[in-house]
Structure formats: C-alpha cells, structure tokens
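All values below come from the heavy atoms of this structure, side chains included, with hydrogens, waters and symmetry mates left out.
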Amino acid sequence: MRSRKAGVTLRTVALIDPLQGGHHEGYAALLARELIQRGLAVHVIGSARLVRYVRRAVPEVTGDVVQLYAHSEAQHYNQGRLERERLNVRFFREALRRARVRGCDTAHILWLDSFVLSLLLVWLSGAGHGLRLRVTLHWLYFLRGFQARLGGRSEAGHLLMLRLLGRLGGRVMLHSPALAQVLSPRLGRSMVDVLPYPVEPPQIPPEQRVAERQAMRLRLGVPPEARVLLAFGGMRPDKGQDLALRALAQLPDRDHLLFVGRATPSDAEQLRRLASELGVTQRVHLHLEYVPDEDVERYFLASDIVLLPYRRNFAGQSGPLVIAASLGLPVLASRVGVLAETVNAYRLGALFPPEDPEALARCVASFDRSSFQPQTHRFREDHTPAAFAEAVLRSYSMGEPTTLPAGVSHPEERTGNTVSGA
C-alpha cells in the first residue's frame, strides 16, 4: 500500500505513543483510520490498552505492545527523574526497533510532551536509522510563559533538543497556529508543521438531542430549572476543578456544577471536602469514572455551559473544548494559550483571567446565552479528520529518512545481533 506526496513514497507508518487514556486512544485510532483510507499501512506501538483499542476500532491496523510502565502512569511519574528517563529510553529504543522490524518508513511519535530528552538520546544512538521522524507536541509546557513556577523546565534546553532532532531529520507538528508562530522562529520554520485538531462529527443527531438531554439530566438528578456548568475530563491540578468549585460558591442556587471524568480516590475526596467547606455539596454532581465514547456527548447535551477553568500553565488544546464547539455549546475558558486562540477564532463563548474564581463567577453570571452565535459550522469544516490527515501526510512527505550521525553505528551492528520479529 502506497501514498505518494511531493515525490516521496510512503508505505507503512508506525504510530507510537508511550501513554494511554481516552485522548491518546481516540487520537491514534482516528489517524490510523484516515491513513489507511489513503493507502498506507499502519502499525501502532504502545501499551496493551492502546494497541487493543486502536485495533478494535480499525481492524486493518497491526500492532506491537511495548509497555512504558508496569503499573500506573501516576506511579511512573512519582519515580525519581533518572529512573523515569531510564524507562523512557527503554520504551523508545524498543518501539523504534519494532518499527524497523515491521518495515515502517515513518515513525510518528503521537505524544512527545515530557519525552523530548529520552527520544533524542535514543535517536542519537542510531535506533531510528532509515526512518522518517515526526513528532506531535500537544503542549509547549517548557516555554516560560506556561511554567507554573520559576526554575521549572529549561526552555533553552528543550529548544536545543528539538533543534537537534530537526538536524537529524525530525519535524514537529503542532495543533495551534499561535504556538507555531512562537516556536517556529526558535527552531527554524522548515521543521514546524501546523495541523488542525481532528474533530469527529457529532454522534447524536439534532432531532434526538432534546430527548437525550432530558434523559441524562433525570439520570443525574439535576433539577429541571438548574443551569448546569460542565467540567469534563480527568482530575488534574492544571485543570482547575477547585477553582470551578470556588466560583460556584459565588453563584446563585440555580447554578449546578457537573464533574465528569476519572479521579483517584484521594482527588475525589478532596473535591467532596472542598464542596462541603464551601457549602455547595447539593449543587455539585460527580461522575468521577471512565465514560465510554458513546456516552460522552450525552453529558455535554445535559449541560448548558462548558467550563475550562484551566490554570495559566496549561499550554495545549482541550478535548472538552472541541466537543463543545462541535455541538454548538458555549465555552467559558481561562484566557490562556490555545484555549483563548480557539474561543476567539470561532466565537465559542467568553474568556476570563486564569486562576481567578471571582472573575470566573462574573463570567458565568454575565454570559448571555441569547446572543451566543458560535461559528460551529466553520469550526467543523476547519477541523475535519480529513483535513487533519492531509496535513499529517504533507508533514510525512517532507525530507528524507534519518541517516546515522557521523561516527555512530547501528545498535544491532555494535552488538552483532540481528533484528528479528517480535
């Protein structure tokens, strides 16, 4: 199977992701489906859960299980830095070996964030010889403007590492024109590509949405007169769920807050404790567990406003934002990075200063739903899976496969081992 772009023949792409979870699995499956429709073969490499999900969604995909961590993502990140990097390096070395064994011509790292150093070390060792390298950065977490504290990750160090990957033939993909404008001059415009974030069409047709809304609100125990504010997604400090609770305490009784997404037992208990301290327990609805894909839209349809109270160090796109935009639901978001860029570009709602519960409460109270006219149709047109896949293919077609740095031999050549199927 072949796809020709700009004179370059592409045959088999390895989609590699060290992590797992709803965003990672859905993103990989969507891209795999679109690439296969365009004549490429796709081999997915990652955790057992990721590989299983993608192969179930797209049966034509082949896959190899390479596990980053033995237990949980939280335990992995709670380890010391050296141990984490050792495991990261081991993952990328084995993932690239599998890509070469399977005859892939392109290795696409779907989630490079926080793995820049380990990938660079493995690539410099020659493990990517013969492969085109493409990486997607979802967050520019290392830029000073997005760092939660002084003395955080080194901006200069990360930029240097990305430049080195570029000199070895790599290209960086971003989902934000604004972030690309920031990064391109620092890396060289020739190695940064901008992709639309892919958005699937809504699953529930318009004529069924009123009934689905009523059924879900009844199931959640939401009063008919309530205005429901939705905070969707797994619990994380940078998502500001605590800020949403503090804002709710300043809003009238008709406002209810719906939390949907996975949370650890300790995070869930902290949320309940804070709601009790603020006296808003009766207006808080918790569904702190995994939501199957087919149920996601129902939680959005049961809501009136989607809240994104993310802290100022949030530096990427938001899954809840794009779902809300595709459904035409208003979004009230922190004025940070890609959130502000997307809300402004498509008139998706309103913005408020980050980490300011009072400002968030004022934004909710003053939001006029009657004058809300989002550019939902244009948003969907700009973010179709087809547009995403075509932009990815353009990036794949640039440049030649990686060659070994001077003085570096291939790892199998140094050890005398031969590459075998695994």
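Here the closest heavy-atom approach between residue Leu308 and residue Ser318 is recorded as CD2-OG, 3.7 Å. Contact detail for Arg55 and Val61: the closest heavy-atom pair is NE-O, 3.1 Å. Scanning both residues, Glu297 and Ile204, for their nearest heavy atoms gives OE1-N, 3.0 Å. The nearest pair of heavy atoms linking Leu68 to Arg90 is O-NH2, 3.8 Å. In terms of heavy atoms, Leu251 sits closest to Ala361 at CD2-O, 3.4 Å.
Not counting sequence neighbours, the partners of Arg213 by the side chain to side chain donor-acceptor pair (under 3.5 Å) test are Asp304. For Tyr69, the ring-ring contact (aromatic ring centres under 6.0 Å, His included) partners two or more places apart in sequence, or in a different chain, are His76. Qualifying ring-ring contact (aromatic ring centres under 6.0 Å, His included) partners for Tyr310, counting only residues two or more places apart in sequence or in other chains: Phe314. In this view, Ala324 and Phe300, Val306, Leu329, Val331 satisfy the side chain to side chain contact (heavy atoms under 4.5 Å, CB included) rule, not counting sequence neighbours. Under the ring-ring contact (aromatic ring centres under 6.0 Å, His included) criterion, His287 pairs with Tyr299, not counting sequence neighbours. Residues passing the ring-ring contact (aromatic ring centres under 6.0 Å, His included) test with His138 are His23, Tyr27, Trp111, His175, sequence neighbours excluded. Evaluation of the side chain to side chain donor-acceptor pair (under 3.5 Å) rule for Ser303 yields no partner, not counting sequence neighbours. Every side chain to side chain donor-acceptor pair (under 3.5 Å) that Arg298 has, sequence neighbours left out, goes to Glu212, Asp295. Partners of Asp356 according to the salt bridge (Lys or Arg N to Asp or Glu O under 4.0 Å) rule, which considers only residues two or more places apart in sequence or in another chain, do not exist here. Scored by the side chain to side chain contact (heavy atoms under 4.5 Å, CB included) test, Arg86 finds Glu83 as partners (sequence neighbours excluded).
For the atom pair NE2 of His256 and CG of Leu248, the computed distance is 8.5 Å after rounding to the nearest 0.5 Å. In this structure, the separation between NE2 on His158 and CG on Asp113 is 9.0 Å, given to the nearest 0.5 Å. Here the straight-line distance linking atom CG of Leu50 with atom CD1 of Ile45 works out to 10.5 Å at 0.5 Å rounding. Atom OG1 of Thr136 and atom CZ of Arg171 lie 12.0 Å apart (nearest 0.5 Å).
Glu277 and Arg273 are not joined by a salt bridge, as no carboxylate oxygen comes within less than 4.0 angstrom of a charged side-chain nitrogen. Note on Glu289 versus Arg262: no salt bridge recorded, every NZ/NE/NH1/NH2 to OD/OE distance being 4.0 Å or above.
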>> Would Arg227 and Asp255 count as a salt bridge (charged side-chain N to carboxylate O under 4.0 Å, His left out) here? Give the steps.
In response: CA-CA 5 Å; Arg227 178 169 62 174; Asp255 288 313; 2.6 Å; yes

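Other residues, nucleotides and ligands contribute at most 12 non-hydrogen atoms within 6.0 Å of the CZ atom of Arg347. Heavy atoms of other residues, nucleotides or ligands lying less than 6.0 angstrom from CZ of Arg236 number more than 12. The environment of Gln373 atom CD is sparse: at most 12 non-hydrogen atoms of other residues, nucleotides or ligands sit within 6.0 angstrom. Atom CZ of Arg81 has 12 or fewer neighbouring heavy atoms from other residues, nucleotides or ligands inside a 6.0 Å radius.
Pairs engaging residues 316-350 under the ring pair (Phe, Tyr, Trp, His ring centres under 6.0 Å) rule: Tyr346-Phe379, Tyr346-His383 [sequence neighbours left out]. The list of ring pair (Phe, Tyr, Trp, His ring centres under 6.0 Å) pairs with a residue in residues 320-339, not counting sequence neighbours, is empty.
No side-chain donor from either of Ser47 and Gln67 sits under 3.5 Å from a side-chain acceptor of the other. Checked by atom type, the side-chain pair Ser176/Glu341 shows a donor-acceptor distance below 3.5 Å.
Taking the side chain as every heavy atom from C-beta outward, Val284 and Arg272 never approach each other to under 4.5 Å. In this structure, Val135 and Leu119 have side chains that are in contact, with non-hydrogen atoms separated by less than 4.5 Å. At least one side-chain heavy atom of Leu220 sits less than 4.5 Å from a side-chain heavy atom of Leu258. Val296 places a side-chain heavy atom less than 4.5 Å from the side chain of Phe232. The shortest distance between side-chain heavy atoms of Tyr53 and Asp293 falls below 4.5 Å. Between Leu229 and Leu332, the closest side-chain pair of non-hydrogen atoms is not below 4.5 Å. Between Gln317 and Thr342 the shortest side-chain heavy-atom distance falls below 4.5 Å. Contact annotation: the side chain of Leu257 never approaches that of His285 to less than 4.5 Å [non-hydrogen atoms, C-beta and beyond].
Under the 6.0 Å cut-off for aromatic ring centres, His108 and Tyr396 qualify, their centroids lying closer than that.
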